Asks: 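I have a structure here, written as structure tokens, and I will follow up with some questions on it.
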Amino acid sequence: MRTLLLASAFLAGLFGSLAAAPTPEPAPSPYRPFCRTLWLFVSPCVEVRTALVVQIQALSQYELVSVNPVHIAANHTSPERPLGEDISFSLSPTVLTNGCRVTATSNSIGFASLLDGGLNYCNLRNLLSATGLSSRPGFMEMTNEWACLGIGLATCKV
Ligand SMILES: *[C@@H]1O[C@H](CO)[C@@H](O)[C@H](O)[C@H]1NC(C)=O
């Protein structure tokens, strides 16, 4: 039963909040590397949103594009990849735990190699690590190689 609940939370997180987001991001192109991952926090969404926005503004490779109570859009660029990647977070409260469920995505722009070495995953994960939220009790991440390219090979810096 528990496994079933987790599995449906996983699927709902990966696919459900796309429709719920006020500015839905385009579906990831099959020819571009991307990562989609689901994070569960015990902390309320307002706290998670604030922490993510603070780090997007603090870290030099990230730029905030827009933010509202349920959605954050940003981008990530680096000297090696000036076109960068689009990043988005969709947040929804979890009723039973008073926590927050976040669907995080990173999509490469103009980068055709399907082997991104975990770049898109690390864009999301490095930001999360900077918030400190992932080391709190109750944090959970759900994704796989199909939804998040290169996750098995990724060695994120932070
Ligand atoms: C990143 O977002 C900022 C703010 O919206 C924008 O000015 C900039 O052009 C974007 N960079 C890329 C590479 O998309």
Side-chain angles (χ1 to χ4, degrees), residues 9-10 12-94 97-114 116-136 138-143 147-151 154-158:
F10 176 67
L14 286 181
F15 304 108
S17 36
L18 205 59
T23 48
E25 60 264 55
S29 155
Y31 303 106
R32 302 250 170 90
F34 69 92
C35 173
R36 176 163 297 176
T37 181
L38 178 70
W39 296 335
L40 294 173
F41 301 96
V42 177
S43 315
C45 283
V46 61
E47 197 183 319
V48 173
R49 185 182 74 238
T50 305
L52 286 170
V53 168
V54 164
Q55 291 308 322
I56 289 167
Q57 291 175 323
L59 297 172
S60 61
Q61 296 195 339
Y62 296 84
E63 266 194 276
L64 188 64
V65 173
S66 69
V67 58
N68 70 38
V70 295
H71 194 257
I72 302 168
N75 63 37
H76 171 267
T77 51
S78 56
E80 307 84 60
R81 298 190 211 296
L83 284 175
E85 302 86 36
D86 280 329
I87 294 175
S88 77
F89 302 96
S90 293
L91 302 89
S92 53
T94 56
T97 56
N98 193 30
C100 189
R101 189 184 76 188
V102 177
T103 306
T105 66
S106 174
N107 296 296
S108 289
I109 303 163
F111 173 44
S113 168
L114 276 178
D116 74 348
L119 170 84
N120 279 290
Y121 177 64
C122 291
N123 282 345
L124 303 170
R125 193 64 209 208
N126 288 342
L127 200 56
L128 176 66
S129 299
T131 66
L133 290 170
S134 50
S135 38
R136 296 229 191 127
F139 169 74
M140 227 188 289
E141 175 169 62
M142 282 175 271
T143 188
C148 182
L149 188 74
I151 186 171
T155 48
C156 305
K157 286 196 196 84
V158 183

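Please read all numbers here as calculations on a predicted model, not as lab measurements. Positions are given from 1 along the sequence.
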Asks: Do T105 and S88 have side-chain atoms, one donor and one acceptor, less than 3.5 Å apart?
Replies: yes
Asks: Let me confirm one number: the CG-OH distance from L127 to Y62, rounded to the nearest 0.5 Å.
Replies: 5.0 Å
Asks: With side chain to side chain contact (heavy atoms under 4.5 Å, CB included) as the test, would you mind laying out the steps for M142 and L40 before giving the verdict?
Replies: CA-CA 8 Å; M142 282 175 271; L40 294 173; 3.3 Å; yes
Asks: Show your reasoning for whether side chain to side chain contact (heavy atoms under 4.5 Å, CB included) applies to I109 and D86.
Replies: CA-CA 7 Å; I109 303 163; D86 280 329; 3.5 Å; yes
Asks: Can a donor-acceptor pair be found, under 3.5 Å and without considering hydrogens, that links the side chain of T37 to the backbone of A104?
Replies: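 Side chain of T37 to backbone of A104: no pair is present.
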Asks: Pick out which of N68, V67, I72 makes a side chain to side chain contact (heavy atoms under 4.5 Å, CB included) with V70.
Replies: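 Single pass found, and it is N68.
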Asks: Just grab all the disulfide bond (SG atoms under 2.5 Å apart) pairs involving residues 36-71, residues at least two apart or on different chains.
Replies: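 Residue pairs passing disulfide bond (SG atoms under 2.5 Å apart), neighbours aside: C45-C100.
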Asks: Go through the steps to decide whether N120 and C148 satisfy the test side chain to side chain contact (heavy atoms under 4.5 Å, CB included), and finish with yes or no.
Replies: CA-CA 8 Å; N120 279 290; C148 182; over 6 Å; no
Asks: State, with a plain yes or no, whether a side-chain heavy atom of F139 is found less than 4.5 Å away from one of L128.
Replies: yes
Asks: Spell out, as yes or no, whether a donor-acceptor pair under 3.5 Å connects the side chain of R49 to the backbone of P69.
Replies: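 Judged by distance alone, yes, a pair lies under 3.5 Å.
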Asks: Give, for atom OH of Y121 and atom CG of L149, the distance between the pair rounded to the nearest 0.5 Å.
Replies: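 These two atoms lie 13.0 Å from each other.
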Asks: Which heavy atom in S43 sits nearest to a heavy atom in L133, and how many Å separate them?
Replies: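 The pair with the smallest heavy-atom distance is OG-CD2, 4.2 Å.
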Asks: Could you measure the distance from the CD atom of E85 to the CG atom of L124? Nearest 0.5 Å is fine.
Replies: 9.5 Å
Asks: Are the side chain of T143 and the backbone N or O of L38 linked by a donor-acceptor pair below 3.5 Å?
Replies: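 Absent.
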Asks: First locate atom CG of N126, then atom CD of Q61, and finally report the distance between them rounded to the nearest 0.5 Å.
Replies: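 Those atoms lie 9.0 Å apart.
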Asks: Tell me, do S106 and I87 make a side-chain contact under 4.5 Å, heavy atoms counted?
Replies: yes
Asks: Find the distance between OG1 (T131) and CD (E47) and round it off to the nearest 0.5 Å.
Replies: 10.0 Å
Asks: Can you tell me how far the OG atom of S60 sits from the NE2 atom of H76, to the nearest 0.5 Å?
Replies: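 If I round to the nearest 0.5 Å, the distance is 8.5 Å.
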